[in-house]
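Both backbone and side-chain heavy atoms feed into the values below; hydrogens, waters and symmetry mates do not.
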Amino acid sequence: MKTIEYLDVDRFMGDWYIIAIIPNLIEKDAYNGIESYSRGKGNKINITYTFYNRKNGKKRVMHPKGEIYDTATKAEWRVQFIWPLKFPYLLVDIAPDYRYATVGVPNKKYVWIMSRNSQMTEEDYQRALKKLSDLGYDIEKIRKMDQVWE
């Protein structure tokens, strides 16, 4: 799957609200998801993924380890949730001003549409869906993740 041409890693760092996903098992009941990124040493990326479980209201915090895999585009990473497994993490879409971004995986089983704000405009959301459709994703599997902040 083709990534974006180039990712400005420093500009990408910070908090991203998860707007929509094709969820994995741990995310199927998730809401208020936020991924936070910061630079580590060399090509390492520190990641904190926080969300709440709809069934029990409990907060879950994960700290997967990221590493820039494609050092030319910086848009292909490997992320490790469980040692020694590393999974492809592909930046497939990003707004020119970095207000939203989309991360996919090669087998198209999972996707994360993220925004710098807890809400995303419908225009941006539809643009992200169109890009995913063009990449061969089944957009019927994508569901919005509630972002309910008080």
Within-4.5 Å side-chain heavy-atom neighbours: [X] and [Y]:
{"X": "Trp16", "Y": "Arg116", "value": "yes"}
{"X": "Thr48", "Y": "Val61", "value": "yes"}
{"X": "Ile18", "Y": "Glu35", "value": "yes"}
{"X": "Val148", "Y": "Asn32", "value": "yes"}
{"X": "Glu27", "Y": "Tyr110", "value": "no"}
{"X": "Arg143", "Y": "Ile21", "value": "yes"}
{"X": "Ser36", "Y": "Asp15", "value": "yes"}
{"X": "Asp146", "Y": "Arg54", "value": "yes"}

Under 6.0 Å from the ring centre and within 45 degrees of the ring axis: does the NZ or CZ of Lys86 meet both conditions for the six-membered ring of Tyr69? no
Gap between atom [atom2] of [Y] and atom [atom1] of [X] - 0.5 Å precision:
{"X": "Tyr89", "Y": "Thr3", "atom1": "OH", "atom2": "OG1", "value": "13.5 Å"}
{"X": "Lys2", "Y": "Asp93", "atom1": "NZ", "atom2": "CG", "value": "12.5 Å"}
{"X": "Phe81", "Y": "Asn24", "atom1": "CZ", "atom2": "CG", "value": "7.5 Å"}
{"X": "Leu90", "Y": "Asp70", "atom1": "CG", "atom2": "CG", "value": "9.5 Å"}

Before accepting this row, confirm whether a basic side-chain N of the pair [X]/[Y] lies closer than 4.0 Å to the acidic partner's carboxylate O.
{"X": "Arg78", "Y": "Glu76", "value": "yes"}
{"X": "Lys131", "Y": "Asp134", "value": "no"}
{"X": "Glu122", "Y": "Lys144", "value": "yes"}
{"X": "Asp10", "Y": "Arg39", "value": "yes"}

Heavy-atom closest pair, residues Tyr17 and Asn117: CD1-C, 3.3 Å
If you draw a 6.0 Å radius around NZ in Lys108, do more than 12 non-hydrogen atoms from other residues or ligands fall strictly inside? yes
Looking at Ile82, I'd like to know if its CD1 atom is crowded, meaning that more than 12 non-hydrogen atoms belonging to other residues, nucleotides or ligands lie closer than 6.0 Å. no
Hey, any chance Ile68 and Tyr98 share a hydrophobic cluster, counting ILVMFWY side chains that come within less than 4.5 Å of each other, even indirectly? yes
When you group the ILVMFWY residues by side-chain heavy-atom contacts below 4.5 Å and let the links chain together, are Met13 and Ile47 in the same group? yes
Answer yes or no: is there a donor N or O on one side and an acceptor on the other, between the side chain of Tyr100 and the main chain of Ile19, under 3.5 Å? no
N/O donor-acceptor pair under 3.5 Å between Gln119 side chain and Gln147 backbone: yes
Phe12-Trp77 aromatic ring centre distance below 6.0 Å: yes
side-chain contact (heavy atoms from CB on, under 4.5 Å) partner of Arg60, the single match among Tyr52, Tyr49, Phe51: Phe51
